[in-house]
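Just the heavy atoms: all of them, side chains too, but no hydrogens, waters or symmetry mates, feed the values below. Positions are given from 1 along the sequence.
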Amino acid sequence: MVGVDGLRELTATIRAIVESGTGAARVPVSRIRDEIDELGLLVNRMLDRIEALIASLRGSIDNVAHDLRTPMTRLRATAETALASPRTVEEYRAALADCLEEAERAVTMLETLMDIAEAETGVMTLRPERIDVVPLLRSAVELYG
């Protein structure tokens, strides 16, 4: 790209991306490496990054949908069973408690998956800190023991 022609190509490519709604197009870059080429390279890198983030987001959404099926199915089954025939107040309370537990599992799962997605895409801000792993390991041993 050179001068005004380079700007026209850059503008046309960006317009095509905006109008098509896809980030498949890339700005043509020459070997001259002037300021317009540098801008084109930056736009292309930005588009590559956006494309990678969208792909990661799609993958995360697929994982969330798959992982949420089990708790949502259990929640629904518990509610349907409770509604299938008359129950005592205690049985209804137990069914509602089970529903709340499944809902909490689903929320926890969603939060965890969102954290993973943020970490994978580099959006999450991490603040490393030292911790004593012994209590954590003891807790894990108790949980799986």
Which donor-acceptor pairs under 3.5 Å do side chains of residues 131-143 form with protein atoms, sequence neighbours excluded?
residue	atom	partner	partner atom	Å
Asp132	OD1	Val134	N	3.2

Problem - Set of residues satisfying salt bridge (Lys or Arg N to Asp or Glu O under 4.0 Å) with respect to Glu80, sequence neighbours excluded - result: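 Glu80 satisfies salt bridge (Lys or Arg N to Asp or Glu O under 4.0 Å) with Arg76 only.
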Exercise for the section: Return the set of residues passing salt bridge (Lys or Arg N to Asp or Glu O under 4.0 Å) with Asp67 (not counting sequence neighbours), or none when no residue passes. Expected result: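 Per chain and number, Asp67 pairs via salt bridge (Lys or Arg N to Asp or Glu O under 4.0 Å) with no residue.
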Practice task
Determine, stepwise, if the pair Ser85 / Arg87 fulfils side chain to side chain contact (heavy atoms under 4.5 Å, CB included).
Solution key: CA-CA 6 Å; Ser85 60; Arg87 308 261 182 223; 3.8 Å; yes
Exercise for the section: Any chance you could measure Ile36, atom CD1, to Leu10, atom CG, to the nearest 0.5 Å? Expected result: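 Spacing of CD1 (Ile36) from CG (Leu10) equals 6.5 Å.
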Practice task
Compare all side-chain heavy atoms of Arg93 with those of Asp98 and state whether any distance is below 4.5 angstrom.
Solution key: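 Counting from C-beta outward, Arg93 and Asp98 never come under 4.5 Å.
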Handout entry: Minimum heavy-atom distance Ala95-Thr78, with the two atoms named
Key =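 Looks like O-CG2, 3.5 Å.
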Handout entry: Taking every non-hydrogen atom, the tightest pair across Glu9 and Pro28
Key =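 Taking every non-hydrogen atom into account, OE1-CG, 3.0 Å.
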Problem - Leu83-Leu75 co-clustered via ILVMFWY side chain contacts under 4.5 Å - result: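 No, Leu83 does not connect to Leu75 through the hydrophobic network.
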Exercise for the section: Using the rule that two of Ile, Leu, Val, Met, Phe, Trp, Tyr join whenever any of their side-chain heavy atoms come within less than 4.5 Å, decide whether Met72 and Met109 are in one cluster. Expected result: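 Same cluster: Met72 reaches Met109 through Ile, Leu, Val, Met, Phe, Trp or Tyr contacts under 4.5 Å.
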Which pairs would a plain distance check flag for residues 100-107, meaning a side-chain donor or acceptor within less than 3.5 Å of a matching protein atom at least two apart in sequence or in another chain?
residue	atom	partner	partner atom	Å
Glu102	OE1	Arg74	NE	3.2
Glu102	OE1	Arg105	NH1	3.4
Glu102	OE2	Arg74	NE	3.2
Glu102	OE2	Arg105	NH1	2.5

Problem - Listed partners of Glu38 passing side-chain contact (heavy atoms from CB on, under 4.5 Å), at least two apart - result: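 So Glu38 forms a side-chain contact (heavy atoms from CB on, under 4.5 Å) with Arg33, Leu41.
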Practice task
Please write out which residues are connected to Tyr92 in a hydrophobic cluster, directly or through intermediates, given that two of Ile, Leu, Val, Met, Phe, Trp, Tyr count as joined at side-chain heavy-atom separations below 4.5 angstrom.
Solution key: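 Its cluster partners, ordered by chain and number, are none at all.
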Exercise for the section: Would you mind telling me which of Leu39, Thr13, Asp37 makes a side chain to side chain contact (heavy atoms under 4.5 Å, CB included) with Val27? Expected result: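 Among Leu39, Thr13, Asp37, the one meeting side chain to side chain contact (heavy atoms under 4.5 Å, CB included) with Val27 is Thr13.
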Handout entry: Any donor-acceptor N/O pair, Thr73 side chain to Arg69 backbone, under 3.5 Å
Key =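 Side chain of Thr73 to backbone of Arg69: a pair is present.
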Problem - Exam field: side chain Glu111 to backbone Thr108, donor-acceptor pair closer than 3.5 Å - result: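 Side chain of Glu111 to backbone of Thr108: no pair is present.
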Practice task
Using a cut-off of 6.0 Å, state whether more than 12 heavy atoms not belonging to Glu35 lie near its atom CD.
Solution key: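 Not more than 12 within 6.0 Å, no.
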Problem - Heavy atoms of other groups near Met46 CE, more than 12 under 6.0 Å - result: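 Yes, the 6.0 Å shell around CE holds more than 12 heavy atoms from other groups.
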Problem - Evaluation steps, side chain to side chain contact (heavy atoms under 4.5 Å, CB included), between Glu51 and Ile54 - result: CA-CA 5 Å; Glu51 208 168 50; Ile54 289 171; 5.8 Å; no
